[in-house]
Structure formats: C-alpha cells, structure tokens
Enquirer: 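Can you keep this structure in mind? I'll have questions shortly.
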2 protein chains.
Amino acid sequence: MDTAELVELGQQLRVDSVRAADAAGSGHPTSSMSAADLMAVLLAHHLRYDFDRPAHPGNDRFVLSKGHASPLLYAAYKAAGAIDDAELLTFRMLDSRLEGHPTPQRLPWVETATGSLGQGLPVGVGIALSGKRLERTGYRVWVLCGDSELAEGSVWEAAEHAAYEHLDNLTLIVDVNRLGQRGPTRHGHDLDAYARRFRAFGWHTVEVDGHDVDAVDRSYSEAASTHRQPTVILARTLKGKGVASVQDREGLHGKPLPDADAAIAELGGPRDLRVQVREPVAARALHSVRADHLELPRYDRGDDVSTRDAFGQALATLGSARGDVVALDGEVGDSTRAEFFAKEHPDRYFECYIAEQQLVGAAVGLAARGWVPYASTFAAFFTRAYDFIRMAAVSGAGINLVGSHAGVSIGQDGPSQMGLEDLAMMRAVHGSTVLYPCDANQTARLVATTAGLDGVRYLRTSRGAGPVVYGPDEKFPVGGSKVLRFSSRDRLTVVAAGVTVHEALAAVDALDREGIQVRVIDLYSVKPVDRETLRQAAEDTGCLLTVEDHHPEGGIGDAVLDAFLDGRPVPRLVRLAVRTMPGSASPAEQLHAAGIDAESIAAAGLLLVETAIVR
Amino acid sequence: MDTAELVELGQQLRVDSVRAADAAGSGHPTSSMSAADLMAVLLAHHLRYDFDRPAHPGNDRFVLSKGHASPLLYAAYKAAGAIDDAELLTFRMLDSRLEGHPTPQRLPWVETATGSLGQGLPVGVGIALSGKRLERTGYRVWVLCGDSELAEGSVWEAAEHAAYEHLDNLTLIVDVNRLGQRGPTRHGHDLDAYARRFRAFGWHTVEVDGHDVDAVDRSYSEAASTHRQPTVILARTLKGKGVASVQDREGLHGKPLPDADAAIAELGGPRDLRVQVREPVAARALHSVRADHLELPRYDRGDDVSTRDAFGQALATLGSARGDVVALDGEVGDSTRAEFFAKEHPDRYFECYIAEQQLVGAAVGLAARGWVPYASTFAAFFTRAYDFIRMAAVSGAGINLVGSHAGVSIGQDGPSQMGLEDLAMMRAVHGSTVLYPCDANQTARLVATTAGLDGVRYLRTSRGAGPVVYGPDEKFPVGGSKVLRFSSRDRLTVVAAGVTVHEALAAVDALDREGIQVRVIDLYSVKPVDRETLRQAAEDTGCLLTVEDHHPEGGIGDAVLDAFLDGRPVPRLVRLAVRTMPGSASPAEQLHAAGIDAESIAAAGLLLVETAIVR
C-alpha cells in the first residue's frame with residue numbers, strides 16, 4: 001500500500017472502531033483511534049500471518065496488551081477478511097466472539113487474553129523465547145501496549161528478561177496517547193522519558209509520530225532489522241485521533257463517541273479496504289513431541305524423601321520422555337528442585353530470576369506456542385503473580401504451577417516464606433486443578449499426570465522429608481483420594497493432605513491403641529475432590545475432621561464441603577488449620593503451635609468422642 | 001567513629017551475624033556479611049534514631065528489604081544497645097522476637113515485615129510520602145535491599161513513584177553482592193547496569209565500594225544532601241565478606257557458616273563496640289487526629305445508588321471528619337469513586353497510577369506512620385498485589401482495601417475486569433475483615449466502621465446502581481448480618497450479599513406468592529460471619545441456599561460454613577455461584593447466565609421444595 005492507502009486504512013480502522021462501540025453502546029473507541037495508524041501499517045506491511053491458518057508455525061504473533069482497544073483489533077480482523085462487517089457489529093454482545101477484551105478461548109487469532117494491563121509484554125516475551133530458543137523459526141512477536149501500563153512493574157520484569165535474552169524477534173509498540181483512564185499519564189508525550197528507561201534496560205528504541213504512516217513503516221522495518229536487542233517503538237499519538245470533539249481530550253475513556261454518525265462523517269465515512277496480509281515465514285511443524293517411555297523415579301516405602309525432591313526428579317524424567325515439557329523457575333530452583341530439570345535439559349529451562357509475574361507470563365506464552373510449562377517458586381511467592389494466574393484461566397492456558405515450601409512446616413524462616421493462602425488462591429481460579437501430595441511416589445505420579453490436563457494446574461510441595469507411604473506403582477487419579485485407615489467401626493474420619501497425612505496417621509494409630517477407630521483420607525486431589533469417598537465416609541462415620549497446613553479459609557476444609565453442596569445431608573465438620581500468625585520455630589514446633597500435629601489431631605479426636613459429637 | 005572504628009564495627013556485625021546463625025542452626029550469615037560495612041556506617045554516622053523511643057516522630061526510618069539478612073539487623077540492634085547478646089542468640093527460636101525475617105509485630109524498631117523480596121522499597125516510598133507530603137518533618141527513609149530483588153517489577157513501580165514525587169528524603173542502599181540464592185544475578189558486579197536504570201527512572205545514583213567505609217560514609221552524605229531526587233547507593237560488595245572459605249562463593253546462601261569458630265577467629269573474634277546513634281530530628285507529635293463529627297451521606301430508601309458511589313461519598317465525608325484518613329488509587333479513581341475524596345482532600349490523596357503493588361505498598365507505609373489508608377482499584381486488580389496484602393498481614397498493618405467492579409454484574413467488559421476470586425483471596429489473609437455491602441447506606445456505614453478496625457480490611461463494591469434497602473440510621477456491626485425476610489414458616493434460607501441480595505429478595509417475593517416462605521439473610525460481613533443468625537436459620541429452616549457473584553471457591557458459600565465448624569449439626573447446603581467463564585454481555589444477562597439472578601434463585605428454591613430437600 002502506498003502512503004495514501006495506509007492513511008485510508010487507518011481511517012477505516014477508526015470508523016469501524018467507532019461503529020463497533022456505537023453498536024455495543026460501550027467500549028473504548030478513543031483508545032482504538034490513537035493506535036489505528038500503528039495497526040494499519042503493521043497489518044498492511046509487516047505482519048506475516050495466515051488468518052486461515054492461525055496454527056501455522058511461521059505466523060508472526062500479535063498481542064494486544066491494551067486489550068480494551070479491542071474494537072481496533074476487530075476492525076483489523078475485518079480489514080484482513082477474517083471476520084465480516086455483521087460480526088464486527090456483534091461487539092460485546094452475549095455469545096459474540098468479539099468480547100470487550102479479546103480472549104483466545106473465543107478467537108483463534110488471539111494469543112493470550114488481555115485486559116489486565118501490563119500482561120501483554122510478559123506473555124509476548126514467553127512467545128518470543130519459544131521462537132528464539134525452542135522453535136528457532138523466524139516469526140516475529142509484536143506487542144501493542146498503552147503508555148499508562150508502563151507504570152506496571154511487570155512491564156519492567158519483561159523488559160529486563162527480553163533484553164537479557166537478546167530477543168530481537170520481539171517488538172513492543174507503545175501507543176503514547178498521553179491519557180490514561182482518569183487523566184494524563186505521568187510522562188504525557190515525553191517519549192524521551194520512556195526511551196531512556198528502555199535503553200537503560202538494554203532495548204533498541206525508536207521514537208516516532210504514530211500518525212505518520214511512512215515514519216511508522218520505517219520504524220517497524222528498523223525493529224525487524226535490529227539484531228541482538230528487542231526494539232520498542234515509542235509512538236506519539238492522540239487519543240480519539242481524527243474526531244475533533246474527542247481528540248486528545250480527558251474524560252472520554254471507555255465511552256462510545258457521543259455522536260457516532262458525525263464522527264464517522266468527520267473520518268470520511270465507512271470504507272471497505274481489504275488488506276492482503278503477508279505470508280508467514282516458512283517453518284517446520286511446531287515441534288515434534290517426543291513421547292518416549294516415561295521412567296518415573298521410584299521410591300521405597302518408609303524412606304524419607306521430600307515431595308519437592310520428588311517433584312524435581314520426576315520433572316527431569318518427564319522432560320526426558322517428552323520433548324514438549326519445559327521448565328521455568330524464579331531463581332529458587334535449588335529450593336524448588338527445578339534445578340534437577342535444568343541440569344538434564346538446560347535447553348528447555350528458563351531462569352526467570354526473582355520476577356514471579358514474568359515467570360507466570362512466560363509460562364503462558366510458552367503454553368500458547370504448544371509447550372507444556374512447569375513454573376515453580378515458593379508457594380508463598382505465587383501470590384505475586386495471582387493476576388497472571390487468573391488471566392491464564394481467562395486465556396484457557398494450560399500451565400503447571402508448582403509451589404514449594406508450603407505451610408508452617410517449613411520451620412524457622414517464618415511467615416513471609418510460608419504458603420498459607422495458596423490453596424485458597426488456586427482453588428478460586430476458574431477451571432483449576434489443585435493437588436497436594438504427601439509422599440514421593442504420589443508426587444512423581446501427579447507431576448506426570450498434570451502434563452495432560454487442561455487449564456491451570458497447581459501442585460503444592462513441602463520442604464521437609466517425610467516417609468514414603470505409597471508404592472511406586474500406585475495410581476493417583478485427579479479427583480481421587482486414598483483411604484489410608486479404614487474399619488467398619490470408624491467413629492470419625494480425618495481428612496488430611498500433604499504433611500498432615502503423616503500427622504493424621506500417627507494420631508489415628510494412637511487413638512486406635514485406645515480403642516477408638518478413625519478413618520483417614522489422604523485428599524491429595526484438593527480440586528476436584530473425591531465426592532464419593534467423602535460422602536461414604538460421612539455416611540459411615542458422621543463426622544469429618546479436616547487438618548491442613550494452611551489458613552482455615554479456602555483450603556482443604558472448604559474443599560471437603562464441595563462434596564455436600566447438592567442439598568444432601570452434610571456431616572458434622574471440625575477443622576484444624578493455621579489460625580495464628582506463626583513466627584520462627586522448628587517444623588515440629590510449628591505444627592504443634594498451629595494445632596495440626598499428631599498430638600493435636602488425637603486430642604481433637606478424643607474431645608469429639610468424649611463430647612459425643614462422634615458416635 | 002573514625003575509619004578504624006567503623007571497620008571494627010563492621011567486623012563486629014559480621015561476627016555477631018555468624019554467631020546468631022550458628023546458634024540458630026539456620027539463617028543467612030553470608031547475606032549479612034556483604035552488607036555489614038554498609039550497616040556499620042549507617043548506624044554510626046547517619047541514622048538518626050532513638051531506640052528507646054521508636055515512636056519518636058523525628059526518627060529516621062530504616063527498612064531491611066532483604067529481610068533474610070536479619071542477623072545483620074539484630075547485630076546492629078545489639079551494637080546500638082537495643083538488645084543484649086543473650087537475646088541475639090535466641091535468633092529464629094520459638095517465641096524469640098528475633099525471627100528469620102523481621103516483623104513489626106515482634107520488634108518496635110521494624111517498620112514493615114519483609115522476606116518477600118522487592119517490597120521494602122514500595123513500603124519505603126509510602127513512608128517517605130508521609131514524611132514529605134503529610135508529616136513534613138525532616139526524617140530520612142533508608143531502605144537496604146539486595147541486588148537480586150531488583151528483578152522484581154515492584155521495585156520499578158516504586159522507583160517511578162519516588163522520582164515522580166521528588167522523594168529526596170528516601171535513600172535506597174543496594175548491597176550488590178552479585179550472588180542470588182542459586183547463583184549469579186543477571187548483572188553481577190556491573191554497577192553501571194543498575195545505575196543506568198535508576199538514572200533513567202529519575203534517581204540520583206552513587207556507585208561505591210561497599211567495603212570502603214569512608215567511601216560509603218561520603219555516599220550517604222551525598223544522598224542526604226541531594227535535593228528533589230531520591231538517591232540510590234549502588235555498593236559493590238562480596239557475599240560472605242571477611243571469611244575466605246565462603247567469600248564470593250556460590251552455593252552458600254541461607255546456610256550457617258560451616259566452621260563458625262574458625263570464621264569468628266578469622267574475623268578477629270568477638271567485639272563489644274557500642275554505637276551512640278544520632279538523635280532524631282526535632283518534630284512535632286506525629287499528626288493531630290482531628291475527629292470532628294462525622295456526617296455520613298444519607299440515602300433514601302428505594303433510590304438507585306451504586307455502592308461505589310456511596311463508597312466515594314462516604315470516604316470524602318470521613319476525610320472531612322478525620323484528619324488521619326488518606327486515600328490512594330491505581331489510576332481508576334473515576335471508576336472506584338476515590339476521586340470524590342481526591343476532590344475534597346487533594347493533600348491526602350495519592351495517585352499511584354497503574355501500579356497495584358506500589359498502591360498497596362504505599363498504603364502499608366502510610367499505615368506504618370499512623371495514617372488510616374483507603375486504597376482502591378478494581379477488585380480484580382488487587383490480585384496483582386496479593387503478595388503485598390499477605391505481607392501486610394504479617395506486618396499487622398491496618399489498611400483498608402476497596403475493590404470495585406466486583407463480579408459478573410459489571411457486564412460487557414468481560415472476565416478480565418471482573419473480581420471473581422477476590423473474596424477467596426481476601427478471606428484467606430490472616431486476621432482480615434471482608435465486607436460486601438448491598439446498598440448505599442450500608443456502604444457508607446461500613447466505610448466509616450473499617451477505619452477503626454485492625455489488620456487488612458476489604459470492602460467489595462459494585463459497579464451498577466441498586467435500590468437503597470436500608471435506612472440511613474441502620475447499624476451494621478462487623479460480624480453481623482441482616483435478616484430481610486422472616487417468618488415462622490420459612491422452609492429455606494437464602495444467604496446473599498451485595499448484588500445478589502436484590503436478586504434474592506425478588507426471588508423470595510416470587511416464591512412467597514406461590515406460598516413458599518423463604519428467609520433471606522444479607523451476609524454483608526463475609527468475614528467474620530454472623531454465626532448466631534446462620535445457626536438459627538439452619539435450625540429453623542434446615543437448608544441454606546447461598547448465592548454469590550464470585551467463583552464457588554472461597555466466597556460466601558464457604559464463609560457460611562464457618563458457623564458450623566465446631567461439630568454441631570450442619571444444615572443442608574446448596575450453593576449458587578459463577579461456575580462458567582463469563583464473556584461480554586449486559587449485567588442482567590451475566591447474572592442470568594451465571595445462574596445467580598432472581599429467576600435462578602427462585603428455580604433453585606422450587607426445586608429444593610419439590611425434591612423435598614426442604615420441608
């Protein structure tokens with residue numbers, strides 16, 4: 001396209017953005033209009049993409065980090081022939097594919113769900129890492145973001161990561177329209193302020209008038225020809241560009257234009273330009289998944305092994321069997337034991353340093369390219385990335401998160417290092433799977449199992465060694481549980497998981513010696529829970545005593561309730577959990593102080609018997 | 001102190017760090033040894049602090065962001081005479097004040113709990129904002145952090161905020177010892193790499209040999225005399241400095257020295273230097289809390305008002321009545337309605353732009369200085385700051401968090417903007433209070449109430465307008481609930497909160513017309529819950545139907561269970577919640593699609609009657 005045609009295409013994208021938001025009665029046309037020329041040039045001259053084959057391995061990848069500018073994205077899809085005008089006007093309506101913020105669950109051309117700002121670049125880094133280090137194809141990753149979102153720390157985690165990894169296949173386009181939602185940004189149109197920051201982080205920077213299509217064109221070419229560095233295009237733009245009544249004005253964020261017809265007329269009326277998008281680069285099929293025989297590590301019953309050790313060892317063997325498994329860690333691989341994988345498969349290991357948002361963002365990006373990522377850090381520090389985890393679920397991304405050092409049982413390091421909210425956090429994620437193994441063989445099996453699941457999978461591991469309870473050939477289906485103590489005379493059921501399984505077994509054996517039979521359920525699958533076994537236990541014993549190394553809210557106690565929410569009779573319930581703020585102490589002291597050790601469980605059991613709460 | 005004495009003091013701090021970790025059998029002596037000279041010079045010459053009066057308003061404030069270097073902090077306390085040697089050796093033991101990572105809950109000289117890296121600077125920015133904009137005293141804020149944690153995006157959110165606010169009362173000291181937990185950092189000893197970044201963000205930078213006490217001394221003086229800019233001291237250090245067998249070596253993070261006696265001998269043996277710390281600057285009492293009569297806004301029954309509007313209006317009046325109330329927002333004050341406060345009290349309003357970690361970090365810092373902060377953003381985006389919220393609870397910080405746009409009822413914007421995990425997340429925080437009002441008068445009352453509570457207080461508000469249900473003089477105690485429909489013939493109880501209260505009332509009125517009486521409880525206090533009312537309803541009606549605009553896990557359904565966890569009979573329970581991934585649709589369509597609207601509630605109620613689950 002020549003200059004005039006590019007200008008026309010930009011106007012078309014504006015008109016269609018205005019029309020879509022007007023039809024919806026909501027949306028962000030002014031945020032779309034500022035970036036329309038940036039998008040027009042990208043679509044017409046630089047993006048190499050086959051809209052008929054979104055899975056083509058050579059396709060460039062485009063991420064709209066400023067997801068609220070979705071009208072612009074959908075206008076571009078229309079210009080590329082991917083959707084028609086009728087569909088464009090279904091924007092934001094029930095059951096439309098064209099949501100307020102784009103998601104890959106609805107549209108095959110969307111790489112990742114956006115709408116929480118500052119996430120596009122971290123995910124784009126993950127995709128670019130795949131392109132550069134794993135797929136080794138020539139596709140380019142283009143991320144379009146707003147200027148407001150540069151205030152998010154996650155952007156700078158990503159900036160650091162991208163430059164360190166020399167991701168010259170990555171281009172960030174910043175639509176510097178100077179206006180955030182409620183007013184001016186900190187730096188307004190001071191492109192230099194942003195350029196200084198990106199240059200200091202190791203990026204190549206280009207400053208450009210975002211409405212000068214030829215200059216934009218040159219800037220993209222410059223990005224594509226820059227080696228060993230990612231490039232950021234800092235484009236000076238005007239919010240609402242092209243319509244005088246809204247252009248560069250405050251107070252108009254997220255609102256359809258007051259007079260759409262007049263605006264469309266001012267923009268020169270509707271057009272129907274059709275863009276012939278460039279072909280993708282030649283590329284092999286995404287990656288050949290080797291699926292050799294999996295030889296999981298095997299542990300002898302009674303040996304003391306930590307579940308974090310078993311995780312690391314199992315992940316390393318899984319990596320040997322499956323070529324599509326990759327691992328990432330937040331600079332604690334020696335603690336989480338992800339380092340076992342790193343040593344065997346350094347080419348598929350991604351050190352993310354202490355940047356948990358980037359850690360999860362990269363995992364989402366790698367998953368978008370078909371890899372099976374395992375991202376690990378302390379359970380406590382996944383709280384840092386909760387927004388990314390939540391958004392991964394909106395994307396429908398398949399990622400494994402492995403949180404070590406869960407609970408008070410870590411000991412002396414104290415509450416800052418203890419995951420005590422992680423089960424609540426992970427259970428509340430839509431479509432998530434939450435697993436909490438108690439021994440090494442169980443851990444190894446579950447590590448292998450989660451590779452094949454959908455959605456966000458969370459595995460909780462423990463710091464300290466505990467006895468191996470199960471044989472190496474035992475099966476642990478997701479949604480299952482294990483009944484470890486059982487008799488026809490059980491008067492109570494203790495439901496435990498992870499470290500509390502061992503405490504429960506000791507407690508119940510002590511009670512047994514006093515003639516009180518108690519059932520023990522190892523609830524390794526916290527979500528989904530094993531409804532049948534829990535219901536049977538409720539029917540048989542009448543009372544369930546849950547014991548968890550977690551705060552009382554949202555963890556195992558609440559998970560058990562899931563078995564009884566259809567109006568059936570609910571058993572009596574008693575919950576032992578961490579109710580006080582722990583300090584430093586030994587692991588055994590911690591479990592005792594929290595009232596979740598064997599002694600506490602036995603005492604609770606006895607009390608329930610004596611007060612006739614159990615039969 | 002002269003140079004030789006400073007060197008000696010540094011060695012003493014090293015020896016005492018080694019001794020403390022050796023006594024504990026765990027801890028981070030090598031991370032303490034790298035920063036020992038930095039700490040010695042600060043303590044001896046620059047920190048102005050009265051250890052006998054930690055509440056002195058003129059005290060400088062010191063934040064140990066690298067909280068794992070706690071042995072160094074405690075060694076400094078000993079050198080200052082704040083603790084004795086016997087206490088030093090209680091490090092990391094049960095009930096000791098000297099935890100693995102320092103917390104203000106145990107020690108009066110600690111400003112904020114650390115141990116999750118990258119949090120010290122954001123909180124320090126909050127304290128410095130207080131000093132500069134509110135207290136207007138001359139105290140200085142010193143933050144000591146590690147080099148690894150500069151990978152955290154939260155550090156760059158804080159760097160941006162500090163420079164933008166010209167916080168020249170803030171000094172960041174970076175102990176660049178080049179080694180993280182599992183190996184070298186990205187930039188090793190390249191101080192320039194860090195200096196470039198901080199300069200680009202608007203900071204004054206000083207690079208220094210962190211073991212040259214005179215150079216360090218000069219760098220602190222330079223920081224103190226720098227105007228209009230925060231200063232970062234980038235200090236080149238060696239991890240484990242002073243003991244050849246561990247100095248600058250990998251694999252020794254977080255471990256006591258292998259031979260403590262030999263190490264102490266190599267360091268020149270124990271010393272007993274006592275530092276005379278400088279006096280605090282003269283300052284008035286912290287701030288006089290004006291407590292004028294509070295005139296909350298009053299709303300008429302039946303009027304349509306959104307709870308976010310009521311929040312903003314109530315907060316503005318609260319700010320008029322109380323001089324200690326401050327507000328912060330993450331660049332969405334026009335949506336959360338924090339802007340109502342901003343307009344009336346601009347001097348006590350802090351715009352944090354789109355940086356939710358800094359938003360909560362600043363609130364924690366302001367709370368540390370005695371202010372009552374209200375920090376607001378979309379409920380969904382508090383997930384971005386969950387680690388800060390969790391750590392605020394470890395600190396025991398009193399902060400109010402107000403999350404707007406909760407649930408699917410926001411409508412077209414789609415799942416990225418919907419808080420659907422926030423109740424789970426906030427309930428799982430230790431000592432938190434979680435409130436979810438359904439009308440404007442209730443909201444106003446609760447906004448005022450939370451000002452006087454301890455710990456993390458969360459208020460969930462809604463986007464859309466709803467009818468005012470309560471009169472303006474109604475009381476809403478924390479831990480209470482309201483029974484909105486009641487008869488002696490109730491066959492079922494619907495438990496709702498927020499937007500679902502209105503749906504429940506409509507449903508129950510429809511059922512009543514069919515002769516089915518149903519109780520309705522407005523569970524505005526989600527944590528703590530009103531046990532008595534829920535138990536009475538269970539006893540009276542046998543079955544509870546919970547309805548929530550939230551994922552099924554960790555929200556209102558689980559909260560209700562808290563009333564029945566002491567082994568008493570549990571009612572039958574049925575839960576309506578958001579089980580599918582929403583898309584874009586109108587608010588009414590969203591509530592219907594999620595099965596939590598009046599029609600769905602009535603249908604569930606009828607089903608329970610027909611299947612004889614209710615009486």
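A, B, ... follow the sequence lines: proteins, then strands. Residue 1 opens every chain.
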Enquirer: Looking only at heavy atoms, what is the nearest atom pair of A/Gly567 and B/Ile613, with distance?
Expert: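 In this case the closest contact between A/Gly567 and B/Ile613 is O-CG2, 3.5 Å.
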
Enquirer: Name the one of A/Arg92, A/His101, A/His28 that satisfies side-chain hydrogen bond (donor to acceptor under 3.5 Å, both in side chains) with B/Asp413?
Expert: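 Result for side-chain hydrogen bond (donor to acceptor under 3.5 Å, both in side chains) with B/Asp413: A/Arg92.
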
Enquirer: Which atoms of A/Phe91 come close to chain B, meaning under 4.5 Å heavy atom to heavy atom: side chain ones, backbone ones, both, or neither?
Expert: neither

Enquirer: What is the distance from atom CG of B/Asp558 to atom CG of A/Leu565, rounded to the nearest 0.5 Å?
Expert: 8.0 Å

Enquirer: Answer with side chain, backbone, both or neither: which region of A/Ala380 has an atom nearer than 4.5 Å to a non-hydrogen atom of chain B?
Expert: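 It is both, since atoms from each part get that close.
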
Enquirer: Quick one: does B/Arg390's side chain get under 4.5 Å of A/Met425's, heavy atoms only?
Expert: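 Side chain of B/Arg390 against side chain of A/Met425, heavy atoms only: no contact under 4.5 Å found.
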
Enquirer: Check each atom of A/Glu589 against the heavy atoms of chain B and say whether the ones under 4.5 Å are side chain, backbone, both or neither.
Expert: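 It is the side chain, since no backbone atom gets that close.
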
Enquirer: Please look at A/Met426 and chain B and tell me whether the side chain, the backbone, both or neither of the residue comes under 4.5 angstrom of a heavy atom of that chain.
Expert: neither

Enquirer: B/Phe201 and ring-ring contact (aromatic ring centres under 6.0 Å, His included): which partner among A/Trp156, A/Tyr194, A/Phe198?
Expert: A/Trp156

Enquirer: Looking at B/Gly333, B/Ser335, B/Ala24, which has the largest count of heavy-atom pairs under 4.5 Å with chain A?
Expert: B/Ser335

Enquirer: To check you understand the geometry: which heavy-atom pair defines the closest contact between B/Arg196 and A/Ala200, and what is its length?
Expert: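 Result for this residue pair: O-CB, 3.4 Å.
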
Enquirer: Drop me the distance from A/Asp562's CG to B/Glu553's CD, to the nearest 0.5 angstrom.
Expert: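 The CG atom of A/Asp562 sits 6.5 Å away from the CD atom of B/Glu553.
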
Enquirer: Using non-hydrogen atoms only, which part of A/Gln181 is less than 4.5 Å away from chain B: side chain, backbone, both, or neither?
Expert: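 Contact with chain B is through both the backbone and side chain of A/Gln181.
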
Enquirer: Where is the tightest heavy-atom contact between B/Arg384 and A/Leu117, given as atom of each residue plus distance?
Expert: NH2-O, 2.8 Å

Enquirer: Out of B/Gly202, B/Ala393, B/Gly180, B/Gly183, return the one with the most heavy atom pairs under 4.5 angstrom to chain A.
Expert: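 So the answer, after comparing B/Gly202, B/Ala393, B/Gly180, B/Gly183, is B/Gly180.
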
Enquirer: Give, as side chain, backbone, both or neither, the part of A/Asp566 having an atom under 4.5 angstrom from any heavy atom of chain B.
Expert: backbone

Enquirer: Please state whether the side chain, the backbone, both or neither of A/Met581 comes within less than 4.5 Å of a heavy atom of chain B.
Expert: both

Enquirer: Relative to chain B, which segment of A/Pro122 carries a heavy atom at a distance below 4.5 Å: side chain, backbone, both, or neither?
Expert: neither

Enquirer: Looking at chain B, which one of A/Ala113, A/Pro582, A/Gly115 has the largest number of heavy-atom pairs inside 4.5 Å, strictly under?
Expert: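 The candidate making the most pairs under 4.5 Å is A/Gly115.
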
Enquirer: Between A/Thr546 and chain B, with a heavy-atom cut-off of 4.5 Å, which part of the residue counts as in contact: side chain, backbone, both or neither?
Expert: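 A/Thr546 has no heavy atom closer than 4.5 Å to chain B.
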
Enquirer: Say you draw a straight line from CE of A/Met93 to CD of B/Gln412; how long is it, rounded to the nearest 0.5 Å?
Expert: 9.0 Å

Enquirer: Rounded to the nearest 0.5 Å, how far apart are CD of A/Gln119 and OG of B/Ser416?
Expert: 9.0 Å

Enquirer: Quick one: of A/Leu150, A/Leu608, A/Thr580, A/Leu545, who has the most non-hydrogen atom pairs under 4.5 Å with chain B?
Expert: A/Thr580

Enquirer: Which bit of B/Pro102 comes within less than 4.5 Å of chain A, counting heavy atoms only: side chain, backbone, both or neither?
Expert: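 Neither; nothing under 4.5 Å.
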
Enquirer: Taking every non-hydrogen pair under 4.5 Å, which of A/Gly153, A/Pro552, A/Ala593 racks up the most with chain B?
Expert: A/Gly153

Enquirer: Report the C-alpha separation of A/Arg182 and B/Asp334 in whole Å, then their side-chain angles, then the decisive distance to 0.1 Å, and conclude whether the salt bridge (Lys or Arg N to Asp or Glu O under 4.0 Å) test is met.
Expert: CA-CA 6 Å; A/Arg182 67 55 286 157; B/Asp334 53 335; over 6 Å; no

Enquirer: So which of A/Val394, A/Asp95, A/Thr611 has the biggest tally of heavy-atom pairs under 4.5 Å with chain B?
Expert: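 Sorted descending by pairs with chain B, the first entry is A/Val394.
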
Enquirer: Compare every heavy atom of B/Val570 with every heavy atom of A/Pro571, then report the nearest pair and how far apart it is.
Expert: O-CG2, 3.2 Å

Enquirer: Give, as side chain, backbone, both or neither, the part of A/Ser26 having an atom under 4.5 angstrom from any heavy atom of chain B.
Expert: side chain

Enquirer: With chain A, which of B/Arg199, B/Glu351, B/Gln590 has the greatest number of heavy-atom pairs at distances under 4.5 Å?
Expert: B/Glu351

Enquirer: Write down the atom of A/Ala355, the atom of B/Glu152, and the distance for their closest heavy-atom approach.
Expert: CA-OE1, 4.1 Å

Enquirer: Can you say whether A/Thr185 sits under 4.5 Å from chain B via the side chain, the backbone, both, or neither, judging by heavy atoms?
Expert: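 The backbone, not the side chain.
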
Enquirer: For A/Arg579, is it the side chain, the backbone, both, or neither that has a heavy atom closer than 4.5 Å to a heavy atom of chain B?
Expert: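 For A/Arg579, the contact with chain B is made by the backbone alone.
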
Enquirer: Give the member of B/Ala151, B/Ala585, B/Gly100 that has the highest number of heavy-atom pairs under 4.5 Å with chain A.
Expert: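 Maximum pair count with chain A is reached by B/Ala151.
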
Enquirer: Checking ring-ring contact (aromatic ring centres under 6.0 Å, His included) between B/Tyr386 and each of A/Phe382, A/Tyr386, A/Phe388, A/Phe381, which is the one that passes?
Expert: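 In the set A/Phe382, A/Tyr386, A/Phe388, A/Phe381, the residue that makes a ring-ring contact (aromatic ring centres under 6.0 Å, His included) with B/Tyr386 is A/Tyr386.
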
Enquirer: At a heavy-atom distance under 4.5 Å, which candidate from B/His187, B/Arg575, B/Met391, B/Glu160 has the highest pair count against chain A?
Expert: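 When all of B/His187, B/Arg575, B/Met391, B/Glu160 are compared, B/Glu160 has the most.
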
Enquirer: Shortest non-hydrogen contact from B/Ala428 to A/Glu421?
Expert: O-CG, 3.4 Å

Enquirer: Determine the option with the most heavy-atom pairs under 4.5 angstrom with chain A, choosing from B/Gly414, B/Gly542, B/Pro415, B/Cys543.
Expert: B/Pro415

Enquirer: Is any side-chain heavy atom of B/His161 closer than 4.5 Å to a side-chain heavy atom of A/Arg186?
Expert: yes

Enquirer: Which region of A/Glu356, side chain (C-beta onward) or backbone (N, CA, C, O), has a non-hydrogen atom less than 4.5 Å from a non-hydrogen atom of chain B, or is it both or neither?
Expert: both

Enquirer: When you check the side-chain N and O atoms of A/Arg427 and B/His551, is any donor under 3.5 Å from an acceptor?
Expert: no

Enquirer: Which atoms of A/Asp329 come close to chain B, meaning under 4.5 Å heavy atom to heavy atom: side chain ones, backbone ones, both, or neither?
Expert: neither

